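Only this structure's heavy atoms are used, side chains among them; waters, hydrogens and symmetry mates stay out. Quick caveat, the model's predicted, so the values are computed rather than measured.
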Amino acid sequence: MRHVASALVLVSLGLGCAAPQQEQAVSTEADVQAVLAVRAQEVANATSAEPDFSYLTDDCVIMSPGQPVVVGMEAALEWWTEFSSQVTINSIDYTDSDVVIAGDWAIERYAGSITGTPVAGGEPMTETVKGIHIYQRQADGTWKMAQDVWNSDAPPPAEG
């Protein structure tokens, strides 16, 4: 009987510690459209001669292919200055996107292409990409991009 009582106590403790069910994330159309407007700011910034990073959070994280992680607004500006000294972005075209809102966070999975022209000269090049954008709702209710992670569909260069 003692073992049965112990087992019942353990079972009841286990049930009390069960993980609570998570609320279903709700994507309101207004939030999705606000997030996509931030993405449009990203495109406008990348194709502009005068960068405006106001669409990014101050503690933004950028993870581009083949580069070290970039953390913070100052580092993002330095990264962009170096990048844009090598390539002029002609266009960024998003061909697929799925946005999920989870409270004050939004996650966008996307695919698309980036076309750029080498500053040193040459023909424009188009790269097919996919990635994740993570957005954070600000205290004033607006959205900003907190993280931008992407990679290329191109195979890595052959080692030689």
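When the side chains of ILVMFWY residues are joined at heavy-atom separations under 4.5 Å, either directly or via intervening members, V70 and L77 end up in a single hydrophobic cluster. Cluster annotation: F53 and V43 are assigned to the same hydrophobic cluster (Ile/Leu/Val/Met/Phe/Trp/Tyr, side-chain heavy-atom contacts under 4.5 Å, transitive). Under the 4.5 Å side-chain contact rule for hydrophobic residues, L56 and I132 do not share a cluster. Under the 4.5 Å side-chain contact rule for hydrophobic residues, I107 and V99 do not share a cluster.
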- request: Would you sort out whether I134 and V61 count as a side-chain contact (heavy atoms from CB on, under 4.5 Å), showing the intermediate values?
  value: CA-CA 10 Å; I134 300 175; V61 176; over 6 Å; no
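Taking CG of D93 as the reference point, atom OG1 of T126 lies at 8.5 Å (rounded to 0.5 Å). For the atom pair R39 CZ and D148 CG, the distance stands at 11.0 Å (nearest 0.5 Å). Distance check: T95 OG1 to K130 NZ gives 11.5 Å after rounding to the nearest 0.5 Å. In this structure, CE on M125 lies 11.5 Å from CD1 on I114, to the nearest 0.5 angstrom. Between atom CE of residue M145 and atom CD of residue Q147 there is a gap of 11.0 Å, rounded to the nearest 0.5 Å. Here the OG1 atom belonging to T47 is positioned 7.0 Å from the CD1 atom belonging to I92, to the nearest 0.5 angstrom.
In this structure, the side chain of T57 engages the main chain of C60 through a donor-acceptor pair within 3.5 Å. No donor-acceptor pair closer than 3.5 Å links the side chain of T142 to the backbone N or O of Q138.
Between W79 and F83, the ring planes are parallel. Angles under 30° get that label, and only those over 60° would be called perpendicular.
At least one side-chain heavy atom of R109 sits under 4.5 Å from a side-chain heavy atom of D96. The closest side-chain heavy-atom distance from S97 to L36 is below 4.5 Å. Considering only heavy atoms from C-beta on, V35 comes within 4.5 Å of I101 through its side chain. At least one side-chain heavy atom of V119 sits less than 4.5 Å from a side-chain heavy atom of T88. At a threshold of 4.5 Å between non-hydrogen side-chain atoms, the residues I62 and W150 count as touching.
A146 and W105 make their closest contact through CB-CZ3, 4.1 Å (heavy atoms, listed as atom of the first residue, atom of the second, distance). Of all the heavy atoms in S152 and A154, the pair that sits closest is OG-N, 2.9 Å. When every heavy atom of G103 is checked against every heavy atom of W143, the shortest pair comes out as O-CH2, 3.9 Å. Between I89 and W80 the shortest heavy-atom distance is CG1-CH2, 4.1 Å. Here the shortest heavy-atom pairing between P124 and T115 reads CB-CG2, 4.0 Å.
Ion pairing between a basic and an acidic side chain is recognised when a charged N comes within 4.0 Å of a carboxylate O; K144 and D58 show no such pairing.
Y94 and E42 form a side-chain donor-acceptor contact under 3.5 Å, judged by distance and modelled atom types alone.
Every residue two or more places apart in sequence or in another chain was checked for a salt bridge (Lys or Arg N to Asp or Glu O under 4.0 Å) with D52, and none qualifies.
Other residues, nucleotides and ligands place more than 12 heavy atoms under 6.0 Å from the CD atom of Q86.
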